[in-house]
Structures are given as C-alpha cells and as structure tokens.
Amino acid sequence: MILIIDDDIAVRTSLGLLLKQAGYAAKSVATPAEALRLVQDALPRLVLMDMNFSLDTSGHDGLQLLAQVKRLAPVVPVILITGWGSITLAVEGMKAGAAEFVTKPWQNDSLLQTIRTILALHEPDVETDPAALSRRQLDKQYELRGIVGQDARLLQVLRNVGQVAATDASVLIEGESGTGKELIAEAVHQNSQRRRQPFVKVNLGGISASLFESEMFGHRRGAFTDAKTDRVGRFELANGGTIFLDEIGELDLASQVKLLRVLQDRTYEVLGDSKPRRLDIRVICATNRNLAEMVQQGRFREDLFYRINLITVRLPALRERPQDIPLLVQHFVDGLRATYNRPALKVNTRAMHWLQEQPLPGNIRELKNLVERAVLVSGKDELGPDDFQAQFQRLPARPAEAGELPEPGTITLDELEAHMIRRSLEHYNGNISRVAKALGLSRGALYRRLEKYAIPFDAE
C-alpha cells in the first residue's frame, strides 16, 4: 500500500487515481495525525507526502511529520511533494531521511517512474543475494565488458551497478581521475531497460558557461550571432536513453541552475524556440571532486547535489586494490599483442611485483600508458622491472609550503634525500664541508650520496 498525505482533496484524488491506474494499492489521508495512526496500524510500502498542512507555508509541519514517520517506520521510503520555490525545504527533507522529492505540478509519467525506482531500490529481488555473487557469477548475470578486477571493493561496486541498473535512479559516480568512471556509467546503461537507446557522454569540464545552453539544449538558426544553422543539443540526442555528465564538479553555478531545472522538470527549451520539450532520460554523473565539500564551500548547489546522488557509487583508487594490477597489466598486454603483432609479448613476475608497489596517482589510465610505453620502447618480448622504470613518469609533486612535508605517496625517501642535497648545495654555493655539516653527514657519507644520485659537485 502507498500512503498519500496531503490536505488538498484534489491532490489526494488525483494521486489516488493515478496510482490505481498504475496497479498500486493506495490510501489517502488529510492530516498528520491520521497519517501517523495509519503508519502504526499498517506499514506502507511508500509514503507520498506534502510539505504543508497549515496556513503557515513554511513547511516546518511537513518536516516534523517526516521525522515522526521515519521514527515509526525507518525503512519505509518517503517521497516529498513540494512547489519549485520550496526546493530548499525539500533538500532539508532529504537530509532528514526522505528518499526523493518531486515538484508541483508533477508529470504523471515522471512521478510513476520515480515511484517504481524508489520501490525497486528499497525492495530488492530476494531470490538473489547480490552480496554473495562472485566475479564469475556477476559476469554471467550482468554485462560488465571491459571492467577488469576481482578486488572485494570493486566487486561491491559491480553488485551495486547490477542492483540499480534496472531502475531509473540517478547515479553519482565518485572516484579519482583514471579509475574507470566512464566504464561504470556504460555498465549501468548496458544493464538497464534503456540499453538499446542512446548513451550520450558529455564532458562538462570542456563546455564553457557561455556555450552551456547551446551545447546541452541546442539552438535554432539565428538564435544568436554565430548560430548559422540549427543545432541538436545533447539532451535531445540522449532522449529515451542515458546521458552521462562527466566532471559535473567543474560546472559553474549559473549552469548548475539551468541543469537542475531540466533534471527536476524533465523539460527544456531550445535556444530560439520557446516551446518546452519533454525528456525521457536517465542521468548518470561523475566527478573526481568532493561535491559534499563543495556544497559546504558554496561552490556547488545543494539542491542539485541531492538531485543527482540518489545512488552514489565510489570507485576505489588503484592503490587501494593492488592485487588487481597484474590482471590489468595482463589485459593491456593481451590487447597490445594483437595491436603490434607481437604474440610472444609478456611481463615477468618481478615486473608485476614492482608495478604493484607504485602509487600510480593516474590510476588505470596511468598504468595503461606505462605498459604501452614500455612495450613500444623496450622492443623486448619479456618485460622486466627495468623496462617499466625507464618509462615511469612520476608526476611532479605539488611544491610544499615552508615547513611542510610532501604528501605521502608523491615522493620516495631517496627522492626526498636527493632533493635536500641539491637544495643544500645551492644554498651553500657547493661548499661540501658546510653541506655535510648542515645535513648531519660526514664528508665521506655525503660523497657516497652524491655519486648514488649522480649529483654534480666540485671536488675540494
């Protein structure tokens, strides 16, 4: 049973009829007191709840009722119904435990889709326990092509992908650059009901604020000075399918408002054409930034944050799953054998161990580039540690502030020691005696280190 709580009889009647036609059993009540009695008597599957029940339209009575419902039935999902002007209030409701919010006037199809999604997420298939599935079982059950690894953290991500793919829930993929966020987005699409519809990728970091509307919504010829032809926007290209908004953390605040409106109403307007157009679309976003922290700093809209992260998937960095590095290297080498016609190509065990010990801040992308460079430059059929060390391009560490040590993982002890010796030589104008004294070394120990790190010096 779905419980409808609204003091407007027209809203209750409309929602009740809509749910009945969709095959859902529903009950409607007009007051918070009636709602609480019903929740205590018979636990609903889902609650549809207005935010105002009095002449005071602040919504505080709605938040109070939400808290009471969640205390009585913490596992029952609640969808808030609010006006566009009260989205800030709805965000407060999301913080208090609501599963989602919809704005008035709602679109029937969109509301039913939201209800189906929320129910699917809160009532998973009991026949299969996703937490018990191995990688082999996951591959049999889902389409996970191109995703390599067996680490427990990765398997949990893949289970989540399988669980949410069948719904239309918005998904936020978090992870460092190079961790494979695009592959996860594609997996969500390929395992969804929209798999035969378009999958449109948009790198928001590459779209300037001035071109955002034209790129995303399209434009008509003559809509602005350089609009010489009609242009189809990314949302229209993705209609019926999935849109993948990569690097959403790079979006400026003005563009965030425009995006929020589209994601909320599922309507948009082409520049130069005032007729609103409807969208049937699933939204997947990705970022390498901490959006929650950006919200606190005022650099990302809180209402947009809650709109896009109904489901959050965090991809582990490669250093968090080093046992997957040999699998990835083998995967890359298999591809390179065919690409460069080198059937005997392989990587020896010592090289695999060396690669597992590297921080690889660029993650899978960096590892792939490193393997390919080593293959191309070495010319050998069997690659060892030396072949990879010769091609290893360590990213320059961020310059440390005065008195600050470099970040862990950005520099080795040998590199730090060599750096300090060079700085000391510069500071003391190459005076070996003063450098040795400053570093707490004997002259002999300093000479050995100068030779070890191939640091040029003038013999005294």
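When reading the values below, keep in mind they use all heavy atoms of this one structure, side chains included, and skip hydrogens, waters and symmetry mates. Counting begins at 1 with the first residue of the sequence.
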With under 30° as parallel and over 60° as perpendicular, where do the rings of Trp354 and Phe388 fit, or are they tilted in between?
-> parallel
Give a yes or no answer on whether the side chain of Arg135 reaches the backbone of Gly149 with a donor-acceptor pair at less than 3.5 Å.
-> yes
Pairs under 3.5 angstrom only: tabulate donor-acceptor contacts from the side chains of residues 199-209 to other protein residues two or more places apart or in another chain.
from   : atom 1 : to     : atom 2 : distance (Å)
Lys201 : NZ     : Glu182 : OE2    : 2.7
Lys201 : NZ     : Glu186 : OE2    : 2.9
Asn203 : OD1    : Gly205 : N      : 3.0
Ser208 : OG     : Ser210 : OG     : 3.2

Side chain to side chain donor-acceptor pair (under 3.5 Å) involving Gln40 - partner list, sequence neighbours excluded | none
With sequence neighbours excluded, residues passing ring-ring contact (aromatic ring centres under 6.0 Å, His included) with His331 | none
Apply ring-ring contact (aromatic ring centres under 6.0 Å, His included) to Tyr340 and list each qualifying residue two or more places apart in sequence or on a separate chain.
-> none
So does Asp265 pair up with Arg261, basic N to acidic O under 4.0 Å?
-> yes
May I have the step-by-step check of side-chain hydrogen bond (donor to acceptor under 3.5 Å, both in side chains) for Ser177 and Asn288, ending in yes or no?
-> CA-CA 6 Å; Ser177 294; Asn288 58 12; 2.8 Å; yes
Run the salt-bridge test on Glu34 and Arg37 with the 4.0 Å N-O cut-off and return the result as yes or no.
-> no
Asn363 side, atom CG; Lys368 side, atom NZ - distance, nearest 0.5 Å = 15.0 Å
So do Asp50 and Asp7 actually touch side chain to side chain, heavy atoms under 4.5 Å?
-> yes
In chain order, what residues pass the side chain to side chain donor-acceptor pair (under 3.5 Å) check against Glu100, with sequence neighbours excluded?
-> Arg307
Can you name the side chain to side chain donor-acceptor pair (under 3.5 Å) partners of Gln68, sequence neighbours left out?
-> none
Correct closest heavy-atom pair for Gly249 and Phe300 would be CA-CE1, 4.4 Å
